[in-house]
Amino acid sequence: MKKLVYNDPQKNLIEFPIKSDVISIGRKPGNDIVLTDIFVSRNHCEIYFDNDIYYILDKKSKFGVLVNGKKIDKVKLTSGDEIKLGNTIIYFLDEKASLSKKKKNEKIAEFDPLNELEIMVSSYDDEDDTFGDIREILGKIKVKEIETSRRLKNYELMYKVGTMINSIFNMEVLLRIILSLALDVVNGDFGFIFIIEPDGNHKFVSKKIDSPADLVLKEHIKRLKKSKETFILKDTDIDKLGLKAVNSLIINPLLSKNQELLGGIYIGKNELTDAFDEETIEFLEIFSSYVGISIDNSLLFEKIKKEEDIKNNLKRYLSDQVVETISGDTTLQLGGKEEDVSIMFIDIRSFTPLSSNLEAKEIVEILNSFFTFVSEFIFKHNGTLDKFIGDCVMVIFGAPIIFDNHADEAVQCGLEIKKNYLKEFKKTIKKKFNIDMDIGIGINSGSAIVGNIGTEKRMDFTAISDTVNVAERIESVSKHAQVLISPWTKKKLKNKYKIEQIGEKQLKGKAKPIMVYEVK
C-alpha cells in the first residue's frame, strides 16, 4: 500500500493512506483530499491504480501538475516522487516510509531582487559614483513599493467593505460603519454622511464635527447631481463654510444602482495633515461604488418593511385578498364609484342594558372578543370590514374587490357566524360573564357609492346608499342570530339555501313594508 504525505495550511504533517483504486484531489469539498490552496483547481487531479501501477492524471487544472519539477498530463508514480499542486507539495511514499528531516523542514528560498540589488550597491564606497544613478533609482522604487503596498491595502479593505456591509440593513448602523471606514480609506480627520430622504430632508451621521447640516450647500447638491463625481473644495470654498484650521475637504456622491443621488460623504483634513489629492478621489470613488449599493439596498429594505407593517395593520381590518388589492393602488384619492354590492350588519341585541352590571374592562373584553370572532368569518369570505359602530359591525361584500357572487359570500358568512355563535361563542360569554348575549344579522344587496370618503388627510373606505340603510334596518328585526335577507339579496343568490319567508316588515324610514326572508 502507498500513502500521500503533505503539510496542511497550519503546517501540520498529514499522512493519507491510499486505500482505494482512485483518489481525487482538489479544492472542491467532496474530493478525497481537499486542499485550501487558491492555486489548486476545484478538481485538480486524480491518482489511480491500474495493473499494479499507480498513475497521476491532470484533470485539466488551471496551473497544472508538476512531478519532480516537470509538468505532466499523466505519468507513472514511483515511491519518493514529489508532486506539486499550486503551492502545495505532496510526496508519494511507501506505507512505512517517512520523510527525511531535510524534506520535512525544507523551504523554498524566497528571492527578493530589490533587496539583493540594494545589498550589492551598499557594499560599494559612497564616494564611488559608479552606482549613484542606481541608488537614486532604488530610492524611487522603494517609494513606489510603499505607495503600491498602501494602495493594495486600501483595495483589500474596500473589498472587505463590500463583502461585509451588504448584509447590514439597519440604516443608522450602516452609515456609522461606512463613515468610519471612509475616514480610514482616505486618512481623514473628520467627516459626515448625509442621505436624502423621500420628503427632501437630510439624515446625518457625523464624526468629530458639529452641525454638519450647515456644510451641505445647495451648490454642492447641484454639482453632485449633475456631475456625479467626487471633488475637492478649494481654500476659498472652505472659508465660505466657516471651517477653521481645515486644510482640505473632499465631497463624494453616493449613487444608487440607477445612478440617482442618494446623498454624499464629506471628509476633511486638519491643517497639520497633507491635503487630499487625485489619488484620494480614486480611492473614495471606488469605496463609494461599494457602499452606494449597500445604502440603496438598505433604503429598499426599509421601504419594504414599512409596506409590510402597513399591510399587517390593514389585515386587522380587511381580508388578505383585499389588503393585497388596495396596497397595490398608488393613487389613493377621495371619491367613489357606483358598484353592485352586498351589505351586512351584525349587532349585539340590547347591549347597553345587558352590560349595565358589568365593569368597563369587562365590556371592552366582550366587544373585542365579539369583533375578533366575527372578523375571522368576514375575512374568510372576502368581506371588507367597513367599521365598528359601538356594538355593531358593518361589512361590504363586492368592493374594493369586485366579484359577482357577493350575495352568496355574505349569506355564507352570516350562516357560519350564526352556527359558531350558537355552538360556542354564546356559551363562552355566558360562562365567563354570566350574561345571555343575543345578536342579529341583516343583509341587503344593491347599488351603492363605494370609495374613499372624508378629507385628504383622513379618509375611510365605505359604502353610502339606501342599500346600506335597508341592510341596517333588516338587521334590527333579527334575533337569536337569525340571518335575515332582503328580496334583492334573495334574487342575487346563485347557490341553493333553505329560505323561509318571515313576512313584510315596516322598516324605520321606509314608506312601504319590505318582505324579509330568513336563511337557515
Side-chain angles (χ1 to χ4, degrees), residues 314-329 336-348 370-389 392-421 439-453 459-478 481-499 507 514 516-520:
L314 284 172
K315 286 176 182 178
R316 297 165 63 188
Y317 305 97
L318 307 171
S319 69
D320 289 355
Q321 189 177 357
V322 172
V323 170
E324 294 302 325
T325 299
I326 64 174
S327 62
D329 184 4
K337 57 181 179 179
E338 190 172 351
E339 299 287 0
D340 188 63
V341 295
S342 290
I343 305 295
M344 171 191 283
F345 278 87
I346 313 163
D347 180 59
I348 301 176
F370 175 65
F371 293 147
T372 301
F373 164 71
V374 298
S375 294
E376 177 185 349
F377 303 104
I378 292 168
F379 297 159
K380 178 181 177 181
H381 291 280
N382 297 315
T384 300
L385 206 163
D386 184 296
K387 61 176 69 73
F388 299 123
I389 312 167
C392 178
V393 183
M394 175 181 166
V395 188
I396 306 171
F397 293 88
I401 296 180
I402 299 172
F403 47 91
D404 294 335
N405 64 332
H406 52 76
D408 285 277
E409 291 282 16
V411 167
Q412 289 168 17
C413 176
L415 290 173
E416 287 193 40
I417 289 173
K418 174 185 177 179
K419 176 183 175 181
N420 288 276
Y421 171 78
I439 66 170
I441 302 171
I443 303 170
N444 184 34
S445 304
S447 179
I449 301 299
V450 181
N452 298 306
I453 310 299
M459 60 181 74
D460 289 318
F461 184 87
T462 190
I464 299 175
S465 74
D466 189 55
T467 301
V468 177
N469 298 331
V470 171
E472 185 178 15
R473 301 294 184 258
I474 291 175
E475 174 272 313
S476 68
V477 299
S478 169
Q482 288 176 301
V483 179
L484 302 184
I485 64 172
S486 69
W488 301 283
T489 298
K490 181 177 179 293
K491 187 177 180 180
K492 288 182 179 294
L493 292 174
K494 298 180 180 181
N495 296 331
K496 292 184 178 181
Y497 304 89
K498 184 179 179 181
I499 300 176
L507 304 180
I514 294 176
V516 176
Y517 301 87
E518 181 181 1
V519 185
K520 295 187 175 182

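Taking 4.5 Å as the limit, some side-chain heavy atom of E339 sits within range of a side-chain heavy atom of I402. The shortest side-chain heavy-atom distance between I441 and E475 does not fall under the 4.5 Å cut-off. Taking the side chain as every heavy atom from C-beta outward, N420 and F377 approach each other to under 4.5 Å. The shortest side-chain heavy-atom distance between I485 and I474 does not fall under the 4.5 Å cut-off. When side chains are defined from C-beta on, T462 does not count as touching V450, because their heavy atoms never get closer than 4.5 Å. Considering only heavy atoms from C-beta on, K492 comes within 4.5 Å of D340 through its side chain. By the 4.5 Å heavy-atom criterion applied to side chains, I514 and W488 are counted as neighbours. Using a 4.5 Å cut-off on side-chain heavy atoms (C-beta onward), L385 and S375 make contact.
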*Determine, step by step, whether L493 and I499 satisfy the side chain to side chain contact (heavy atoms under 4.5 Å, CB included) criterion, reporting the C-alpha distance in whole Å, the side-chain angles of both residues, the deciding distance to 0.1 Å, and the verdict.*
CA-CA 11 Å; L493 292 174; I499 300 176; 4.0 Å; yes
*Going through the checks in order, is the side chain to side chain contact (heavy atoms under 4.5 Å, CB included) test met by Y421 and I439?*
CA-CA 9 Å; Y421 171 78; I439 66 170; 3.8 Å; yes
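Note on residues 394-417: pairs passing salt bridge (charged side-chain N to carboxylate O under 4.0 Å, His left out), not counting sequence neighbours, are K380-E416.
A distance of 7.5 Å separates CD1 in I343 from CG in D386, rounded to the nearest 0.5 Å. A distance of 11.0 Å separates CG in N405 from CZ in F397, rounded to the nearest 0.5 Å. I443 contributes atom CD1, which lies 12.0 Å from atom NE2 of H406 (distance to the nearest 0.5 angstrom). Atom CD of E472 and atom CE of M394 lie 8.5 Å apart (nearest 0.5 Å).
Relative ring orientation between F370 and F373 is described as tilted, the plane-to-plane angle lying within the 30° to 60° band.
Judged by distance alone, the side chain of T489 and the main-chain N or O of S445 form a donor-acceptor pair under 3.5 Å. Using a distance-only test at 3.5 Å, with no hydrogens or angles considered, no donor-acceptor pair links the side chain of D347 to the main chain of G440. Between the side chain of T384 and the main chain of A399, a donor-acceptor pair closer than 3.5 Å is present. Using a distance-only test at 3.5 Å, with no hydrogens or angles considered, a donor-acceptor pair links the side chain of S465 to the main chain of T467. With hydrogens and angles ignored, the 3.5 Å screen pairs a side-chain donor or acceptor of S476 with a backbone N or O of R473.
F371 pairs by the ring-ring contact (aromatic ring centres under 6.0 Å, His included) definition with F388, not counting sequence neighbours. Scored by the ring-ring contact (aromatic ring centres under 6.0 Å, His included) test, Y517 finds no partners at all (sequence neighbours excluded).
Applying side-chain contact (heavy atoms from CB on, under 4.5 Å) to D466 and the options V468, I464, V470 leaves one that passes, V470. Each of Q412, K490, E518 was compared with Y497 under the side-chain hydrogen bond (donor to acceptor under 3.5 Å, both in side chains) criterion, and only Q412 meets it.
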